[in-house]
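Below: the structure, in structure tokens.
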Amino acid sequence: MCNRAVSLIARVVESYGISTVSLSLNRELSEKIGAPRTLYLRYPYGAPLGEPGNVNQQRAILKDMFAALETIEEPGTIIDLPYRWRRDTFAPVSF
Amino acid sequence: MGLFEKLNVWSIFGKMTNSPLGTRFQSAFRKLVEKGMKPLAAGACEEPPAITPLRKPLAEARVSLITTTGVHLKDQEPFDTAAALGDSSYRAVPSDADMASLYISHTHYPLERAQKDINVILPMERLRELAEEGVIGSVGEYHYCFGFDLHVKELVDPSAGTAHELARALKEDRVDVVLLTPG
């Protein structure tokens, strides 16, 4: 449900001339509402940026979010991030 | 509505209230919830969302976070987690807040990971680091946090919606980019 609110809020904020990037843990809901830019993760609820204390993982996902500002031109685009829950190791991330 | 059907809420509820009075109560309650859910169904948007390209380098951009994970300062009023349709209010959390001063009021997702490290739902510390490293220009004065909420109208209504209210606050703070995280 919170994925729905995220998309709705993103639509409003973007309409004020602010660029938004949303994470999603529920692709179906994100498809229904359509935020300006969405990155979908197959991660459990309660952990959109990954595992506690995994700084590299958190930075990697943030880097993907900032990259989406440049790569997504079509409003409503959903990118599926390739990460698998607990199966990836993340190297230090430089921007 | 789909979710309610999927979870078989009404049949469970029906079993719980299997008496003439219970049935009447159930029917009245169902009507009330469906009335409340109507704008939610309308939330399924036919129109494509607006899109605002970032017109400056990321290294000059001011960035804030919005989350629907129920984060707030310990001394702020907790979100109403008892209301069936949730709480459409939000809390402005200062972006320089001490992580130990934060609390999570939410009952619709597992909290364990976020309680260990709030950055997994609200990456405040990571954002501060990126500002220090010069990757982003600055962090907005506040991050904005919602709790569990199904009130679409209260959220997106152009005149009174809380999403509009905080979009105006973000504009005033000259925020260029907002990253949003669900629970």
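All chains are named by letter (A, B, ...) in the order of the sequence lines, taking the proteins before the strands, and each is independently numbered beginning at 1. What you see below is based on every heavy atom in this structure, not just the backbone, and it leaves out hydrogens, waters and symmetry mates.
- Heavy atoms only, all atoms of each residue included: D117(B) and G53(A) are closest at OD2-N, 2.6 Å.
- Looking at every heavy atom in both residues, G76(A) comes nearest to P49(B) through N-CG, 3.7 Å.
- Contact annotation for A68(A): neither backbone nor side-chain heavy atoms come within less than 4.5 Å of a heavy atom of chain B.
- There is no path of hydrophobic side-chain contacts, each under 4.5 Å, that joins V55(A) to M124(B).
- Put simply, Y103(B) and I66(B) are part of two different groups of oily side chains (I, L, V, M, F, W, Y) that touch within less than 4.5 Å, one to the next.
- Residue contact with chain B, scored on non-hydrogen atoms closer than 4.5 Å, involves the backbone and the side chain of L25(A) alike.
- What you find for I121(B) and P48(A) is that their closest heavy atoms are CG2-CD, 3.8 Å.
- When all heavy atoms of V12(A) and A167(B) are compared, the closest pair comes out as CG1-CB, 4.4 Å.
- When heavy atoms are compared at a cutoff of 4.5 Å, L58(B) approaches chain A solely by way of its side chain, counted from C-beta outward.
- If you take CZ on F66(A) and CG on L130(B), they are separated by 6.0 Å, rounding to the nearest 0.5 Å.
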task = Report the C-alpha distance between T68(B) and R4(A) in whole Å, list the side-chain angles of each, state the deciding distance to 0.1 Å, and finish with yes or no for side chain to side chain contact (heavy atoms under 4.5 Å, CB included).
result = CA-CA 10 Å; T68(B) 53; R4(A) 189 193 298 266; over 6 Å; no
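- The existence of a salt bridge linking E47(B) and R11(A) is excluded, since no basic side-chain nitrogen approaches an acidic carboxylate oxygen closer than 4.0 Å.
- Contacts from residues 13-23 of chain A to chain B, taken as heavy-atom pairs separated by less than 4.5 Å, involve V13(A), E14(A), S15(A), Y16(A), G17(A), I18(A), S19(A), T20(A), V21(A), S22(A), L23(A) in sequence order.
- For E51(A), the part sitting under 4.5 Å from any heavy atom of chain B is the backbone (N, CA, C, O) and nothing else.
- For chain A, the nearby parts of N119(B) are the backbone and the side chain; heavy atoms of each come within less than 4.5 Å.
- Here the side chains of P52(A) and R113(B) are in contact, with some heavy-atom distance below 4.5 Å.
- Y40(A) and L180(B) end up in different hydrophobic clusters when Ile, Leu, Val, Met, Phe, Trp and Tyr side chains are linked at under 4.5 Å.
- When heavy atoms are compared at a cutoff of 4.5 Å, E73(A) approaches chain B solely by way of its backbone atoms N, CA, C and O.
- Proximity of a side-chain donor or acceptor of N3(A) to a complementary backbone N or O of P182(B) within less than 3.5 Å is not detected.
- Looking at S24(A), the atoms closer than 4.5 Å to chain B (heavy atoms on both sides) all sit in the backbone: N, CA, C or O.
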